[in-house]
Protein chains: 2
Amino acid sequence: MRNGPDIARIANLVGDPARANMLTALMDGGALTASELALEAGVTVQTASSHLSKLMEGGLLSLAAQGRHRYYGLANAQVASMLESIMGVAEAAGPQRVRPGPRDATMREARICYDHLAGDQAVAMLDGFLARNILTRDGDRIAMGEVGPSFFRAIGIEPDTLKKSRRPLCRACLDWSVRRSHLAGSLGAAIFDKIVAERWARREANSRAVVFSPTGRRAFEKTFFG
Amino acid sequence: MRNGPDIARIANLVGDPARANMLTALMDGGALTASELALEAGVTVQTASSHLSKLMEGGLLSLAAQGRHRYYGLANAQVASMLESIMGVAEAAGPQRVRPGPRDATMREARICYDHLAGDQAVAMLDGFLARNILTRDGDRIAMGEVGPSFFRAIGIEPDTLKKSRRPLCRACLDWSVRRSHLAGSLGAAIFDKIVAERWARREANSRAVVFSPTGRRAFEKTFFG
DNA sequence: CGCATAGTTCGATGCTAATCGAAGCATTCT
DNA sequence: AGAATGCTTCGATTAGCATCGAACTATGCG
């Protein structure tokens with residue numbers, strides 16, 4: 001069975017821990033400098049540079065140079081989707097926990113997925129948007145719905161400004177904890193910024209957990225679930 | 001970004017050529033003996049055995065022993081889906097073909113993915129089901145629609161029998177060739193069995209391609225697209 | 001039971017590739 | 001222009017792992 005794409009080559013690129021960490025850090029569609037990615041991977045800049053060169057050759061990354069800063073991002077959504085599917089298998093195959101702890105519940109409710117909200121609240125938010133035609137879904141694609149622009153303007157998020165960004169406005173990001181999507185893209189990031197600005201929730205130190213206060217949770221749900 | 005599933009571990013397992021070849025050989029949903037997989041991988045049986053042990057530990061394979069024969073298969077459809085997504089990236093990132101060959105078109109139209117149909121026809125079929133309320137989609141979940149049971153009974157597929165299976169009835173499986181979903185799960189498998197039983201299409205030897213005959217294609221489209 | 005076959009385990013071999021210090025190149029700032 | 005910063009390239013080191021011959025275990029057959 002030698003016909004077909006060379007999956008070993010691609011998988012091997014993801015199979016190194018440093019490279020995997022860098023790819024994971026880029027899963028939201030954003031971009032980071034080589035130095036930042038070195039920090040994410042926990043290796044020196046020179047090592048990161050070597051890895052990034054390999055990922056570029058493999059077609060997994062995109063590169064935008066701005067002066068001396070070189071911003072690497074994932075090549076496309078297909079790469080991100082592949083990473084998500086690997087995550088799904090890794091999660092299913094991972095060590096079984098004896099009993100879920102409090103951290104698990106917190107992470108399940110809400111956590112940061114790079115720069116946008118993930119977890120149960122994020123999934124419910126996207127579902128609510130779709131139910132109310134704020135966003136629409138066509139198969140695997142998400143777009144702004146009829147009442148979306150006015151909805152977001154009313155809460156202080158300006159869709160037209162976000163559209164100017166190089167990254168997609170809306171993107172479905174598979175939430176591996178529940179095998180459902182939450183909202184990524186520049187809109188997802190803006191929503192997270194709003195949550196933090198309103199102090200509805202805070203980031204936990206050294207963790208991706210996002211912890212809602214009781215009043216914050218109510219305000220979040222009132223705003224986004226109606 | 002150290003929290004979350006260990007994708008490097010899983011990807012590393014796929015990243016060895018011998019192991020990749022074995023996994024690919026199993027993507028048709030069947031099971032092969034260790035000796036057969038050694039042939040697929042082009043290594044000795046002892047090497048294959050070592051690799052298979054790693055894949056088992058990683059949770060990527062299932063094993064059924066029959067006497068001295070040990071049949072290895074993919075652990076589940078999720079693993080197959082992951083391999084599909086890696087293939088999609090590898091295909092896109094691979095050396096550009098000068099011109100698409102007949103094999104490419106065939107694979108794009110229809111191919112086996114684990115145990116259900118994939119490709120353009122499969123995507124169109126799922127879209128047709130959703131459009132006609134035979135199946136419904138709620139975010140990432142697909143369920144039987146109002147007119148589903150009677151539709152499938154009319155073509156000889158009994159949903160109640162399939163529901164008794166341990167696996168989900170319907171599941172969206174991302175089709176890497178077009179970045180849209182096709183139908184997996186026990187229903188997807190039953191539909192593929194029907195296609196083969198009706199001789200609308202046949203499996204190509206040593207390939208995952210599913211080749212429709214002209215009359216078979218018309219019957220398939222009449223049955224599933226209306 | 002002896003032989004054949006399927007498959008696993010052991011251990012030695014040698015190749016590969018991640019790693020980082022050093023050096024070099026490119027860009028920015030004062 | 002010189003210093004600072006971001007990043008790439010070079011080269012040496014060494015840990016890791018795929019590999020297969022040999023040995024062993026398990027199953028099937030006459």
Side-chain angles (χ1 to χ4, degrees), chain A residues 1-2 6-26 30-75 86, chain B residues 1-2 6-26 30-75 93:
Chain A
M1 187 62 83
R2 301 298 168 81
D6 184 2
I7 65 170
R9 188 173 68 94
I10 298 297
N12 190 267
L13 289 175
V14 185
D16 172 72
R19 290 200 289 272
N21 282 333
M22 287 192 273
L23 291 167
T24 305
L26 297 172
L32 293 173
T33 62
S35 303
E36 288 168 327
L37 287 169
L39 287 174
E40 288 289 342
V43 294
T44 62
V45 169
Q46 44 268 51
T47 303
S49 186
S50 170
H51 283 309
L52 290 168
S53 173
K54 288 183 166 66
L55 291 171
M56 285 295 296
E57 280 167 19
L60 298 190
L61 296 183
S62 65
L63 173 61
Q66 292 177 24
R68 62 192 176 186
H69 292 278
R70 297 168 74 81
Y71 288 93
Y72 292 89
L74 296 185
I86 299 174
Chain B
M1 190 62 86
R2 301 296 170 80
D6 184 1
I7 65 169
R9 187 173 69 93
I10 298 296
N12 190 267
L13 288 176
V14 184
D16 171 73
R19 290 198 291 272
N21 282 332
M22 287 193 274
L23 291 167
T24 305
L26 296 173
L32 295 172
T33 62
S35 303
E36 288 168 327
L37 288 169
L39 286 175
E40 289 288 344
V43 294
T44 62
V45 170
Q46 46 267 51
T47 302
S49 186
S50 172
H51 284 310
L52 290 168
S53 174
K54 288 184 165 75
L55 292 171
M56 284 295 297
E57 279 167 21
L60 299 189
L61 296 184
S62 65
L63 172 62
Q66 290 179 23
R68 63 191 175 184
H69 291 282
R70 297 169 73 80
Y71 288 93
Y72 291 90
L74 295 185

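All chains are named by letter (A, B, ...) in the order of the sequence lines, taking the proteins before the strands, and each is independently numbered beginning at 1. This is a predicted model, so every value here is computed, not measured. Heavy atoms only: backbone and side chains are in, while hydrogens, waters and symmetry mates are out.
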Before giving the answer on side-chain contact (heavy atoms from CB on, under 4.5 Å), spell out for Leu32(B) and Leu39(B) the whole-Å C-alpha distance, their side-chain angles and the decisive distance to 0.1 Å. CA-CA 10 Å; Leu32(B) 295 172; Leu39(B) 286 175; over 6 Å; no
Worked check of side-chain contact (heavy atoms from CB on, under 4.5 Å) between Leu26(A) and Leu61(A): CA-CA 9 Å; Leu26(A) 297 172; Leu61(A) 296 183; 3.9 Å; yes
Asn12(A) and Asp16(B): CA distance, side-chain angles, deciding distance, side-chain contact (heavy atoms from CB on, under 4.5 Å) verdict: CA-CA 7 Å; Asn12(A) 190 267; Asp16(B) 171 73; over 6 Å; no
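Taking atom CG on Leu55(A) and atom P on dC7(D), their separation rounds to 16 Å, with Å as the unit. The separation between Asn12(B) atom CG and dA17(C) atom P is 12 Å, rounded to whole Å. For Asp16(B) and dA17(C), the CG to P distance is 11 Å, given to the nearest whole Å. Separating the CD atom of Glu36(A) from the C1' atom of dC7(D) is a distance of 13 Å, rounded to the nearest angstrom. The distance between atom CD of Gln66(A) and atom C1' of dG6(D), rounded to the nearest whole Å, is 13 Å. Per the geometry, OH belonging to Tyr71(A) stands 18 Å off C1' belonging to dT8(D), to the nearest Å. If you take CG of Leu63(A) and P of dT8(D), they are 8 Å apart, rounded to a whole angstrom. As rounded to whole Å, 10 Å separates atom P of dT19(C) from atom CG of Asn21(A).
When heavy atoms are screened at a 4.0 angstrom cut-off, Tyr72(B) is found touching the sugar-phosphate backbone but no base atom. Here Thr47(A) lies in heavy-atom contact (under 4.0 Å) with a base.
Distances shown here put every side-chain N or O of Arg70(A) at or beyond 4.0 Å from the OP1 or OP2 atom of dA26(C). For the OP1/OP2 pair of dA17(C) and a distance below 4.0 Å, the side-chain nitrogens and oxygens of Lys54(A) include no atom meeting the criterion. Using a 4.0 Å cut-off, no side-chain N or O of Arg68(B) falls inside it from OP1 or OP2 of dT25(D). Between Ser35(B) and dG7(C) there is a side-chain polar atom (N or O) within less than 4.0 angstrom of OP1 or OP2. Distances shown here put a side-chain N or O of His51(B) below 4.0 Å from the OP1 or OP2 atom of dT19(D).
Looking only at distances, no side-chain donor or acceptor of Ser53(B) sits under 3.5 Å from a matching main-chain atom of Ser49(B). The main-chain N or O of His51(B) is never found under 3.5 Å from a side-chain atom of Arg19(B) such that the two would form a donor-acceptor pair.
Comparing Thr33(B) and Gln46(A) by the nucleotide of DNA chain C that holds the closest heavy atom to each, the one mapping nearer the 5' end is Thr33(B).
Here the nucleotide nearest the side chain of His69(B), chosen from dC20(D), dT19(D), dA6(C), is dA6(C).
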